[in-house]
There are 2 protein chains.
Amino acid sequence: MHAIAKGPVELNSDSIVDRVYEQLKAMAISYEFKPGERLNEGELAKRLGVSRTPLREALNRLNTEGFLRFTPGKGFFCRELDAHEIFDLYELRKSIEIASIRLAIKRARDEDIDALLAFLQATGPDPGERSSVELVELDETFHERLMGMSGNTEMLRVLRNVNARIRFVRWIDMDRINRSNTQAEHRAVVEGLKARDEERCVSVLEKHIDRRLDRITSAIKEGYAQIYMPAARAGAN
Amino acid sequence: MHAIAKGPVELNSDSIVDRVYEQLKAMAISYEFKPGERLNEGELAKRLGVSRTPLREALNRLNTEGFLRFTPGKGFFCRELDAHEIFDLYELRKSIEIASIRLAIKRARDEDIDALLAFLQATGPDPGERSSVELVELDETFHERLMGMSGNTEMLRVLRNVNARIRFVRWIDMDRINRSNTQAEHRAVVEGLKARDEERCVSVLEKHIDRRLDRITSAIKEGYAQIYMPAARAGAN
DNA sequence: GTGTTCGCCAATGCATGCAATCGCGAAGGG
DNA sequence: CCCTTCGCGATTGCATGCATTGGCGAACAC
C-alpha cells in the first residue's frame with residue numbers, strides 16, 4: 001500500500017520519530033499549539049501520518065526539553081507562555097554566555113576567532129532584507145559559534161535548548177531591533193575576544209543580552225495577540 | 001473487574017514509565033551498566049517486568065538527559081565515562097552556581113537564608129558517620145536549595161541534571177573530602193549571602209567548586225577500577 | 001590464507017489492540 | 001435551583017505482533 005521503494009524518493013535518512021520530533025518541535029516553537037492546549041495523540045498521529053508509538057516518543061522528548069508539559073493520565077499540553085519562564089531562560093542564557101566568553105578568551109584559537117569575524121562580515125552588511133526569522137537564526141548561530149569556542153559541549157547543549165525555547169519571543173522582539181547596532185556589538189565581542197580582553201567582552205556581552213532581557217516582558221505582552229492569531233495550519237491533506 | 005481497592009496495596013502513585021525511568025536512572029548513575037555497553041531492550045524489559053513500550057519511553061528520557069546514548073538502528077548504550085564531559089559539566093555547574101548566588105544576594109529572603117543555615121546546622125555536626133552516598137546527597141541538597149534562592153527555576157533544572165550526571169564521580173571523590181572543611185565553606189557562603197556580600201560569596205563558592213574540579217581528572221582515573229567491578233546485579237529472579 | 005559475500009538470527013521500529021482512566025454531561029436528590 | 005453522583009464516550013497506558021534492519025558467522029572466491 002505504501003512504502004513503495006520508488007527508488008530515489010530519498011527515503012529520509014532519519015527515522016519517523018526524528019521527523020515527527022522535528023515537526024512537533026517546529027510547531028511548539030512557533031506556538032502553533034496554543035498555550036495550555038491539550039494535544040490529542042490520536043488526532044496528531046492521524047495528521048502526521050504515523051502511529052501513536054513514535055508520536056509519543058517524540059512528545060516525551062519535547063516534554064523533557066521543556067517545550068511541552070505532561071500530566072500523567074491527562075496527556076501532553078502546550079506549555080504556557082510564561083513570562084517568568086522566559087525571564088529565567090534569559091537569565092540562564094546570560095549566565096552561561098558570560099561564563100563561556102571567559103573560557104573562550106583562554107582557549108579560543110585565533111583562526112577560529114577570525115572565522116567568526118568572517119562570518120559576521122559575510123552576514124552583516126545586509127540591510128533590512130532579511131525576515132526576523134532569518135535574523136534570529138543568524139543571531140543564534142553567532143552566539144552558538146561564540147560559545148563553541150569555549151570548548152564546553154555541555155554549555156552549548158544548554159544554550160541550544162534555551163535558544164529554541166525563547167525563539168518565539170525573539171521573533172517578535174527582532175522586528176524592533178536595530179540590526180546594525182546588534183552587528184556592531186557582535187563584532188565588538190569578537191574583537192575583544194581576539195584581544196583577549198576579558199573585561200571588554202563581558203561588559204559588551206552583558207549589555208547586549210540585558211538589552212533584550214529588559215524588553216522581553218513587554219514583548220511578551222504585545223506578542224500575545226500574535227500567538228492567538230491563526231497559526232498557518234499546513235493543511236497538507 | 002479487579003482494581004479492588006485493596007487499600008494498602010500501595011498502588012504506586014507513579015506510572016510504570018516513571019518507575020522504570022527511576023530504576024534505569026539509578027542504574028545509569030551508578031554505572032551498573034558498563035560504559036559503552038549496549039542495552040538490550042528485550043532483556044531489560046524482562047528484567048524489569050514491563051513491556052518494551054514504556055521501557056523505550058524511559059530510555060528516551062534518559063537519552064535526552066545525557067545518561068544514555070542512542071544510535072538509530074542500533075539501540076541504547078551506556079554513556080562512556082568521558083573525562084572531558086565530566087569536566088564540562090563541572091564548569092557548567094560552576095557557571096550557573098556563581099551566577100545564581102549573585103541573583104540570590106539580590107532576591108533571597110532572610111527567612112529562607114536562615115532556614116538554610118538551620119539545615120546546615122542540623123546536618124553539619126555529624127562526624128564521619130555518613131556514607132559518601134549520603135554525603136553527596138546532602139551536598140546536592142544544599143547546593144540546590146542555595147540555587148533555589150535565586151528564584152530561577154530553569155537554572156535549578158539544569159543544576160539537577162548536572163548533579164545527577166556527575167554524581168558517580170562525586171561518590172568517589174567524597175571519600176577523600178574533608179567534611180568539616182566543606183561544611184565551613186557552605187556556612188561561609190550562606191553567611192555571605194545573608195550579609196549580601198557578593199564578593200565574599202563568589203570567591204568562596206568559586207574556590208569551593210574549583211577544589212573539586214581540580215581533582216576530578218585524577219578521581220576519574222582512579223574510579224575506573226570501581227566502575228568495572230561487578231555492579232551488584234539485583235538478581236531478583 | 002585472506003578478503004568478500006551471502007544468509008540467518010536477533011534486535012529494533014513501528015503499528016495495532018485492549019484495558020484502565022479521565023472528563024463531561026445527564027439524571028437524581030436535597 | 002444548585003450540588004452530587006452515576007455512567008458513557010473519549011483518550012491515554014501499556015502490551016503484543018509483525019516488518020525491517022543490523023550483526024555476525026560460514027561459505028565461497030581469489
Side-chain angles (χ1 to χ4, degrees), chain A residues 1-7 9-25 28 33-34 36-64 67-79 237, chain B residues 1-7 9-24 27-28 33-34 36-64 67-79 237:
Chain A
M1 176 174 289
H2 23 46
I4 304 167
K6 284 282 275 292
V9 190
E10 63 172 289
L11 37 99
N12 37 2
S13 52
D14 292 326
S15 65
I16 289 183
V17 174
D18 285 336
R19 184 170 52 76
V20 170
Y21 167 77
E22 293 298 339
Q23 288 181 269
L24 289 172
K25 186 166 156 183
F33 309 123
K34 292 180 177 46
E37 175 185 351
R38 176 179 183 163
L39 305 185
N40 187 307
E41 294 179 10
E43 182 192 338
L44 261 181
K46 211 166 51 182
R47 260 177 65 190
L48 300 177
V50 298
S51 79
R52 284 176 50 224
T53 306
L55 174 67
R56 282 177 63 91
E57 286 197 8
L59 290 170
N60 269 297
R61 282 175 66 177
L62 293 165
N63 174 46
T64 67
F67 292 106
L68 300 176
R69 303 291 178 213
F70 174 76
T71 308
K74 303 188 62 177
F76 295 89
F77 298 81
C78 181
R79 72 191 193 279
N237 49 349
Chain B
M1 176 165 299
H2 21 46
I4 305 166
K6 282 283 273 290
V9 189
E10 61 172 291
L11 37 98
N12 37 2
S13 53
D14 293 326
S15 65
I16 290 183
V17 174
D18 285 336
R19 185 170 52 77
V20 170
Y21 167 77
E22 294 298 340
Q23 288 181 269
L24 290 172
M27 295 184 201
F33 309 123
K34 292 180 178 45
E37 175 185 352
R38 176 179 184 164
L39 305 184
N40 187 307
E41 293 178 11
E43 182 192 339
L44 261 181
K46 212 166 49 183
R47 261 177 64 191
L48 300 177
V50 298
S51 78
R52 283 176 50 224
T53 306
L55 174 66
R56 282 178 63 90
E57 285 197 8
L59 290 170
N60 269 298
R61 283 176 66 177
L62 293 165
N63 173 47
T64 66
F67 292 106
L68 299 177
R69 302 290 178 215
F70 175 76
T71 307
K74 302 187 64 175
F76 295 88
F77 298 80
C78 181
R79 71 192 192 280
N237 48 351

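Proteins get letters first, then strands, A, B, ... in listed order; numbering begins at 1 in each. Computed over heavy atoms, backbone and side chain alike; hydrogens, waters and symmetry mates excluded. Note that this is a predicted model, so its numbers are computed, not measured.
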task = Quick one: closest heavy-atom pair of B:Ala45 and B:Arg52, and the distance?
result = CB-CG, 4.0 Å
request  = Find the distance B:Leu55:CG to D:dG13:C1' and express it as a whole number of Å.
outcome  = 15 Å
note = Between CD of B:Glu41 and C1' of D:dG22 the distance, given in whole Å, is 13 Å
query = Can you find a pair of side-chain heavy atoms, one from B:Leu44 and one from B:Leu24, that are under 4.5 Å apart?
reply = yes
key: Between P of C:dT16 and CD1 of A:Ile16, the distance in whole Å   = 11 Å
message = Rounded to whole Å, please give me the gap between CG in A:Leu39 and P in D:dG13.
response = 13 Å
task = Nearest 0.5 Å please: distance from the CG atom of A:Leu68 over to the NZ atom of A:Lys25.
result = 11.5 Å
key: B:Phe76 CZ to D:dG22 P, straight-line distance once rounded to whole Å   = 16 Å
query = OP1 or OP2 of D:dT16 sitting under 4.0 Å from any side-chain N/O of B:Arg52?
reply = no
ask   = Does a side-chain N or O from B:Thr53 land closer than 4.0 Å to OP1 or OP2 of D:dC14, or not?
value = no
request  = Let me see the working for B:Leu59 and A:Glu57 under side chain to side chain contact (heavy atoms under 4.5 Å, CB included), right down to the final yes or no.
outcome  = CA-CA 10 Å; B:Leu59 290 170; A:Glu57 286 197 8; over 6 Å; no
key: Angle by which the axis turns from one end of the helix from C:dG1-D:dC30 to C:dG30-D:dC1 to the other, five pairs per end, to 10 degrees   = 10°
ask   = Rounded to whole angstroms, how far apart are CZ on B:Phe77 and P on C:dT12?
value = 9 Å
query = Are B:Asn60 and A:Asn60 close enough that some pair of their side-chain heavy atoms sits under 4.5 Å apart?
reply = no
Nucleotide nearest A:Asn40 (side chain, heavy atoms from C-beta), chosen from C:dA15, D:dT11, D:dT16 = D:dT11
request  = Please lay out, stage by stage, how B:Met27 and B:Leu48 fare under the test side chain to side chain contact (heavy atoms under 4.5 Å, CB included).
outcome  = CA-CA 12 Å; B:Met27 295 184 201; B:Leu48 300 177; 3.9 Å; yes
key: Residue whose nearest DNA chain C nucleotide is more 5′ - B:Arg38 or A:Val17   = B:Arg38
query = CZ/B:Arg47 to CG/B:Asn40 distance, rounded to the nearest 0.5 angstrom?
reply = 10.5 Å
key: Nearest-neighbour nucleotide for the B:Lys74 side chain, D:dA15, C:dC14, D:dG22 considered   = D:dG22
request  = Tell me which nucleotide among D:dG13, D:dC14, C:dA15 gets nearest to the side chain of B:Ser51.
outcome  = D:dC14
remark   = Here the distance between atom P of D:dG22 and atom CZ of B:Phe70, to the nearest Å, is 12 Å
task = Please report, rounded to the nearest Å, how far the P atom of C:dA10 is from the NZ atom of B:Lys46.
result = 12 Å
